[in-house]
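As the structure is a computational prediction, the values presented were derived from the model and not from experiment.
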Amino acid sequence: MGIPTVSIDQVPHPLPEGLTVLDVREPMEWQYGHIEGALHIPLGTLTARVDELPAGQTLVVCKVGGRSAQAVMWLQQQGHDVVNLDGGMLDWEAAGRPMVSETGQAAQVV
């Protein structure tokens with residue numbers, strides 16, 4: 001079973017209604033910059049918190065695409081409709097897509 005993957009230029013802007021964005025990065029990474037409205041569940045806690053994921057299609061992101069690919073592979077096995085963002089938040093930021101931060105500073109990918 002392959003990992004469904006999209007590149008940033010395949011992701012509609014603005015994001016469609018009903019699409020969940022799942023960010024599997026660590027809390028420090030999240031604080032510095034993330035997609036507004038994203039659900040934050042670090043990869044290490046995903047199996048325990050999978051019930052927090054709403055039904056419907058989910059775009060899974062991390063910094064580059066490796067951790068999110070792992071999450072997509074596992075979530076797919078659990079029956080979720082998931083797709084990995086290749087290039088992750090680095091490509092999101094490079095494309096000039098909007099981000100928010102929890103630090104009071106300008107959002108950035110760390």
Side-chain angles (χ1 to χ4, degrees):
M1 183 167 16
I3 297 172
T5 301
V6 295
S7 59
I8 189 65
D9 59 352
Q10 296 170 298
V11 177
H13 182 63
L15 294 173
E17 286 290 317
L19 175 71
T20 300
V21 177
L22 172 62
D23 191 321
V24 296
R25 296 176 300 152
E26 293 302 309
M28 186 206 69
E29 294 174 284
W30 165 267
Q31 288 175 359
Y32 278 92
H34 58 270
I35 299 166
E36 190 167 14
L39 175 62
H40 181 228
I41 303 178
L43 183 60
T45 64
L46 185 57
T47 55
R49 296 178 57 192
V50 68
D51 292 345
E52 296 175 36
L53 195 59
Q57 190 172 45
T58 302
L59 177 68
V60 186
V61 302
C62 66
K63 184 174 182 176
V64 180
R67 287 173 285 178
S68 53
Q70 291 176 41
V72 164
M73 202 162 40
W74 185 79
L75 287 166
Q76 213 177 18
Q77 292 168 353
Q78 312 310 308
H80 290 271
D81 181 9
V82 286
V83 63
N84 182 38
L85 178 59
D86 187 37
M89 289 301 296
L90 288 175
D91 279 7
W92 182 276
E93 181 179 46
R97 297 287 183 100
M99 297 188 306
V100 294
S101 82
E102 309 292 319
T103 64
Q105 307 292 317
Q108 62 179 325
V109 176
V110 296

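- Looking at every heavy atom in both residues, Gln76 comes nearest to Gly2 through OE1-O, 3.3 Å.
- For the atom pair Asp81 CG and Thr20 OG1, the distance stands at 10.0 Å (nearest 0.5 Å).
- Hydrophobic clustering (ILVMFWY, side-chain heavy atoms < 4.5 Å, transitive): Leu90 and Val24 are in distinct clusters.
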Using the rule given for side-chain contact (heavy atoms from CB on, under 4.5 Å), can you reason through Leu85 versus Val6, listing the C-alpha separation, both sets of side-chain angles and the distance that settles it, and then say yes or no? CA-CA 5 Å; Leu85 178 59; Val6 295; 4.2 Å; yes
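- For the pair Pro4 and Val72, the minimum side-chain heavy-atom distance is below 4.5 Å.
- Here CG of Asp23 is found 8.0 Å from NE2 of His34. Values are rounded to the nearest 0.5 Å.
- Side chains of Leu19 and Pro12 form no contact here, defined as non-hydrogen atoms less than 4.5 Å apart.
- Judged as a ring pair (Phe, Tyr, Trp, His ring centres under 6.0 Å), not a single pair has a partner in residues 57-100 (not counting sequence neighbours).
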Decide side-chain contact (heavy atoms from CB on, under 4.5 Å) for Leu22 and Val82; before the verdict, give the C-alpha distance in whole Å, the side-chain angles of both, and the deciding distance to 0.1 Å. CA-CA 9 Å; Leu22 172 62; Val82 286; over 6 Å; no
Under 3.5 Å donor-acceptor pairs involving side-chain atoms of residues 58-68, not counting sequence neighbours:
residue : atom : partner : partner atom : Å
Lys63   : NZ   : Val110  : O            : 3.4
Arg67   : NH1  : Glu29   : OE1          : 2.8
Arg67   : NH2  : Glu29   : OE1          : 3.4
Arg67   : NH2  : Glu29   : OE2          : 2.9
Ser68   : OG   : Gly65   : O            : 3.3
Ser68   : OG   : Asn84   : OD1          : 2.4

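- Between the CG atom in Leu46 and the CG atom in Leu75 there is a gap of 5.0 Å [rounded to 0.5 Å].
- Side-chain contact between Val109 and Met99: present, with at least one pair of heavy atoms (C-beta onward) separated by less than 4.5 Å.
- Closest approach of Ala95 to Ile8, counting heavy atoms only: CB-CG1, 3.7 Å.
- Minimum heavy-atom separation, Met89 to Gly33: CE-O, 4.3 Å.
- Annotation: side chain to side chain donor-acceptor pair (under 3.5 Å) contacts of Asp51 (sequence neighbours excluded): none.
- The minimum heavy-atom distance linking Leu43 with Gln70 is given by the pair CD2-OE1, 3.5 Å.
- In terms of heavy-atom proximity, Met73 sits nearest to Ile3 at SD-CD1, 4.2 Å.
- Annotation: salt bridge (charged side-chain N to carboxylate O under 4.0 Å, His left out) contacts involving residues 34-44, sequence neighbours excluded, are absent.
- Between atom CD of residue Glu52 and atom CG of residue Leu39 there is a gap of 6.5 Å, rounded to the nearest 0.5 Å.
- Residues in residues 36-55 take part in these ring pair (Phe, Tyr, Trp, His ring centres under 6.0 Å) pairs, two or more places apart or across chains: Trp30-His40.
- The salt bridge (charged side-chain N to carboxylate O under 4.0 Å, His left out) contacts involving residues 92-110 comprise nothing, where partners must be two or more places apart or lie in separate chains.
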